Number of protein chains: 2
Amino acid sequence: MAQDKSTIDINRPLTVGEVAARAGVAVSTLHFYEERKLIQSIRTGGNQRRYRREVLRRVAVIKAAQRVGIPLADIGAALSSLPDGRVPNAQDWAGLSARWRSALDRRIEDLIALRDHLDGCIGCGCLSITACPLRNPEDRLAEQGAGAQLLLRP
Amino acid sequence: MAQDKSTIDINRPLTVGEVAARAGVAVSTLHFYEERKLIQSIRTGGNQRRYRREVLRRVAVIKAAQRVGIPLADIGAALSSLPDGRVPNAQDWAGLSARWRSALDRRIEDLIALRDHLDGCIGCGCLSITACPLRNPEDRLAEQGAGAQLLLRP
DNA sequence: GCTTGACCTCAACTTAACTTGAGGTTCTAT
DNA sequence: ATAGAACCTCAAGTTAAGTTGAGGTCAAGC
């Protein structure tokens, strides 16, 4: 029975307040994510949300992806590739990770380019030149005889 | 005189439309940046904006910074360290670069940590553990007995 | 059994970063 | 000298990602 209790305890669903505290987000944010289908909950008889512990990882992943600059809508799309019924396993998560990897790489490159070339390029005039590494590759394609461009796009 | 003409030509101020085309942004965006004091213009007798060529570099820097997730307000604060009257020289720009350097470094390290551990951690469960390298350093400080957190903040 | 802290919904507000539109003016090329 | 392209201002709208608040319900401890 002691064993039963501990099993029950570890699987006990979390309240919205508990998830908020442990995931480091506001309760309203969890409501918002749920509305946007990024997370799910079940309801108690009294209509209160209860979350599986797995939601903590999901929220952590959402925050990670946001940190990389991925919009919530995209995150939602990616998360929706996770299985609906069963708890996602390592492979499910790895697939997600692969999808975001290139965005992450790009962002890191942009950051490094910004850092390394602020000193070197910013004052030298090369920013106006097509070959400047600070320029956004997309700009290069998009332009028709344009001039200076660097590297934005959040 | 031919020389004079070419000098005049290369220093000729740009219209808002020209800047927009060459910088790869909308005219309305330039109006907006001006309102936010990120760029400046002088006016013709007919109240039309004229820009120094230097504005192209400024806009390029703004775009670069935005691309890595720096808010316009911060960009504006940094740009305001550039001289008002005279055209910024390489040292002015280098100063800007220095101001951003540590923030950029931190951010780069943060994202690299994320990248290095994305595959490994996302599926393994350690995301919920305080020691997970994927967690945002800021979360770690901010939390009071919280649980899972990862790495956001665009 | 009742008080108090958590929850619930729904609508409205917020901030950032722009875009769109209306109504009017200036420039430039014919 | 005039048509059409570019400009101008100012107000309002848009999207993302939440937050805030009003008005009402649930549940855990004393």
Side-chain angles (χ1 to χ4, degrees), chain A residues 9 12-51 55 58-59 61-79 103 136 150-154, chain B residues 12-51 55 58-59 61-79 136 142 149-154:
Chain A
D9 200 36
R12 176 180 60 93
L14 301 166
T15 67
V16 70
E18 285 166 340
V19 172
R22 302 183 62 151
V25 299
V27 168
S28 63
T29 302
L30 295 172
H31 287 180
F32 176 71
Y33 286 170
E34 188 169 327
E35 188 195 306
R36 294 294 184 86
K37 315 269 187 188
L38 292 166
I39 59 175
Q40 281 162 274
S41 65
I42 51 176
R43 299 301 181 108
T44 64
N47 195 36
Q48 301 201 342
R49 291 170 177 83
R50 285 303 119 93
Y51 296 94
V55 84
R58 235 175 137 99
V59 173
V61 169
I62 292 168
K63 291 176 78 186
Q66 279 194 306
R67 194 137 136 247
V68 181
I70 298 171
L72 273 194
D74 293 4
I75 299 171
L79 285 177
N136 188 346
L150 203 60
L151 33 44
L152 185 45
R153 152 146 295 177
Chain B
R12 176 180 59 94
L14 302 166
T15 67
V16 70
E18 285 167 341
V19 172
R22 304 183 63 154
V25 301
V27 168
S28 61
T29 302
L30 294 173
H31 287 180
F32 176 72
Y33 287 169
E34 187 169 326
E35 189 194 306
R36 294 298 184 84
K37 317 267 189 187
L38 292 165
I39 58 176
Q40 281 161 274
S41 64
I42 51 176
R43 300 301 180 107
T44 65
N47 195 34
Q48 301 201 344
R49 291 170 176 84
R50 285 303 120 93
Y51 296 94
V55 84
R58 239 177 134 97
V59 173
V61 170
I62 293 168
K63 291 177 76 185
Q66 277 196 306
R67 188 136 137 250
V68 298
I70 300 173
L72 273 193
D74 293 3
I75 299 171
L79 285 178
N136 190 344
Q149 261 156 143
L150 203 58
L151 33 52
L152 187 44
R153 157 149 289 182

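Chain letters run A, B, ... following the sequence lines, proteins first, then strands; residues in each count from 1. Here the structure is a predicted model, which means the values were calculated and not measured.
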> Side-chain contact, heavy-atom cut-off 4.5 Å: B/Tyr51 with B/Pro13?
Replying inline: no
> Should the pair B/Glu34-B/Arg43 be classified as a salt bridge under the 4.0 Å nitrogen-to-oxygen rule?
Replying inline: yes
>> Just so I know, are the side chains of B/Ile75 and B/Val61 near enough to count as touching, which here means a heavy-atom distance under 4.5 Å?
In response: no
>> Does the protein touch nucleotides 22-30 of chain D at the base, only the backbone, or not at all? Give it as B, S and - per nucleotide, heavy atoms under 4.0 Å.
In response: ----S----
> With respect to the phosphate group of C/dT25, does any side-chain polar atom (N or O) of B/Arg43 fall under 4.0 Å of OP1 or OP2?
Replying inline: no
>> What's the closest nucleotide to the side chain of B/Phe32 if the choices are C/dT9, C/dA17, D/dA17?
In response: C/dA17
> At under 4.0 Å between heavy atoms, what does B/Thr29 touch on the DNA or RNA strands: base, sugar-phosphate, or nothing?
Replying inline: sugar-phosphate
> Between D/dT19, D/dT9, C/dT19, which nucleotide gets closest to the side-chain atoms of B/Ala26?
Replying inline: C/dT19
> In whole angstroms, how far is the C1' atom of D/dT9 from the CD atom of B/Glu34?
Replying inline: 12 Å
> Among C/dT9, C/dC18, D/dT9, which is the nearest nucleotide to the side chain of A/Arg49?
Replying inline: C/dT9
> Can you find a side chain N or O atom of B/Thr15 that sits less than 4.0 Å from OP1 or OP2 on D/dA6?
Replying inline: no
> Can you check the A/Leu30 CG to C/dT9 C1' distance for me, whole Å?
Replying inline: 16 Å
> Rounded to the nearest Å, what distance is computed from the CD atom of residue A/Gln66 to the P atom of nucleotide D/dA17?
Replying inline: 7 Å
>> Measuring from the side chain of B/Arg36 (C-beta onward, heavy atoms only), which nucleotide among D/dC8, C/dA17, C/dT19 has the closest atom?
In response: C/dA17
> Which one, D/dC8, C/dT9, C/dA17, comes nearest to the side chain of B/Val16?
Replying inline: D/dC8
> Does the side chain of B/Tyr33 get closer than 4.0 angstrom to OP1 or OP2 of C/dC18 through an N or O atom?
Replying inline: yes
> A/Glu18: what forms a salt bridge (charged side-chain N to carboxylate O under 4.0 Å, His left out) with it, not counting sequence neighbours?
Replying inline: A/Arg12
